[in-house]
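The basis for the numbers below is simple: all heavy atoms, side chains too, and nothing from hydrogens, waters or symmetry mates.
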Amino acid sequence: VWKRLTVTKSGLRAGDVALDIAAGSGDLSLGLSRQVGSSGSLYMTDINARMLALGRDRLINAGRVANIRYLQADAEKLPFKSGTFDCVCIGFGLRNVTDKEAALASMLRVLKPGGRLLILEFSKPRIGPLEPLYDFYSLQVLPWVGELVLNDGGSYRYLAESIRRHPDQDTLKELMIRQGFERCEYFNFSGGIVALHRGYRI
């Protein structure tokens, strides 16, 4: 649902050119490729070759081939010419980027004037009395379930800890503004558990 809402906020039209960074399983890429249509194009990138291959296979199986290009790429050093894209998206990937400022600057550079950046990411819940319960679930219950079901509690512990280290909604918005994005705003989903940030290159 969060990813579908992100696609609707992209403003993409048939014939546009879009970039999905840290595309992983390809959920956002699938929706974005439909938005730009056969006359547009989507570049699906990930720094992890294995994840990129998994996402590529999923999109091929879904019949999305003609308008998608696949490229292993680092978000901090995007290998594209300046002013290439109408929209750049990164879903649940920015919190894993080492130098967020460098990544944001790189994303701004590859956007066309009037183009927009969409960042979908776990954020700071704004659910009042439920916040301690959410903290307990993410820090204690989720790693325990991961260990019990998948024998991989460490990955779920990392997930919870990386969410805590990621900038909250207003801090990320200010970070975007400092890198040169304009008309920056964010939308809280599920009480702020996830937030979608949007900013434009003017």
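Counting heavy atoms of neighbouring residues, nucleotides and ligands inside a 6.0 Å radius, atom CZ of R164 exceeds 12 of them.
Residues L71 and P79 meet the side-chain proximity criterion, which asks for heavy atoms closer than 4.5 Å. Residues L196 and L5 are not in side-chain contact: their nearest non-hydrogen atoms beyond the backbone lie 4.5 Å or more apart. At a threshold of 4.5 Å between non-hydrogen side-chain atoms, the residues P113 and Y200 do not count as touching. Contact annotation: the side chain of L42 never approaches that of R69 to less than 4.5 Å [non-hydrogen atoms, C-beta and beyond]. Two residues are said to be in side-chain contact when any heavy atoms from C-beta on lie closer than 4.5 Å; I21 and L78 meet this criterion. Two residues are said to be in side-chain contact when any heavy atoms from C-beta on lie closer than 4.5 Å; F85 and Y43 meet this criterion. Taking the side chain as every heavy atom from C-beta outward, T45 and F80 approach each other to under 4.5 Å. Residues K100 and P167 form a side-chain contact, since some pair of their non-hydrogen atoms from C-beta on lies under 4.5 Å apart.
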Fill in: Pair S38-N67, side chain to side chain contact (heavy atoms under 4.5 Å, CB included): steps then yes or no
CA-CA 6 Å; S38 58; N67 67 340; 5.7 Å; no
Discussion item. What verdict does the side chain to side chain contact (heavy atoms under 4.5 Å, CB included) test give for R4 and D27, after you've listed the backbone C-alpha separation in whole Å, the side-chain angles of each residue and the deciding distance to 0.1 Å?
Written reply: CA-CA 9 Å; R4 284 201 298 270; D27 292 333; over 6 Å; no
Discussion item. For a side chain to side chain donor-acceptor pair (under 3.5 Å) check, start with the C-alpha distance between S29 and D20, then their side-chain angles and the critical distance, and finish with the verdict.
Written reply: CA-CA 6 Å; S29 293; D20 186 10; 2.6 Å; yes
Worksheet item: Does the pair E101 and R178 meet the rule for a salt bridge (charged side-chain N to carboxylate O under 4.0 Å, His left out), with working shown?
Response: CA-CA 9 Å; E101 292 186 352; R178 287 204 304 270; 3.6 Å; yes
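There is a path of hydrophobic side-chain contacts, each under 4.5 Å, that joins L104 to I90. Y70 and M51 are assigned to two separate hydrophobic clusters, defined by single-linkage of ILVMFWY side chains at heavy-atom distances under 4.5 Å. Both L108 and L172 are part of a single hydrophobic cluster, where members link through side-chain heavy atoms under 4.5 Å apart. Side-chain heavy atoms closer than 4.5 Å link hydrophobic residues (I, L, V, M, F, W, Y) into clusters, and following such links, possibly through other members, connects I60 to L52.
Screening I68, D16, V17 for a side-chain contact (heavy atoms from CB on, under 4.5 Å) with S41, the sole residue that qualifies is V17.
Side chain of S123 to backbone of D168: no donor-acceptor contact under 3.5 angstrom is found. Under a 3.5 Å cut-off, the side chain of E76 and the backbone N or O of D99 do form a donor-acceptor pair. For D46 (side chain) and Q72 (main-chain N/O), no donor-acceptor pair under 3.5 Å exists by modelled atom type.
For the pair V88 and M107, the tightest heavy-atom approach, listed with the atom from each and the gap, is CG1-CG, 4.2 Å.
In this structure, CZ on R56 lies 11.0 Å from CG on N61, to the nearest 0.5 angstrom. To the nearest 0.5 Å, atoms CG (L54) and OG (S25) are separated by 9.0 Å. A distance of 13.0 Å separates CE in M176 from OG1 in T171, rounded to the nearest 0.5 Å. Going from atom OG of S82 over to atom NZ of K112 covers 13.0 Å, rounded to the nearest 0.5 Å.
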In residues 114-122, what donor-acceptor pairs under 3.5 Å come from side-chain atoms, sequence neighbours left out?
unit_1, atom_1, unit_2, atom_2, d
R116, NE, S10, O, 2.5
R116, NH1, D86, O, 3.1
R116, NH2, S10, O, 3.1
R116, NH2, G11, O, 2.9
E121, OE1, G93, N, 3.2
E121, OE1, L94, N, 3.2
E121, OE1, R95, N, 3.1
E121, OE2, R95, NH1, 2.7

Give every donor-acceptor pair under 3.5 Å between a side-chain atom in residues 181-188 and any protein atom, sequence neighbours left out.
unit_1, atom_1, unit_2, atom_2, d
E185, OE2, R198, NE, 3.1
E185, OE2, R198, NH2, 2.6
Y186, OH, R126, NH1, 3.2
Y186, OH, D170, OD1, 2.9
N188, OD1, Q169, NE2, 2.8

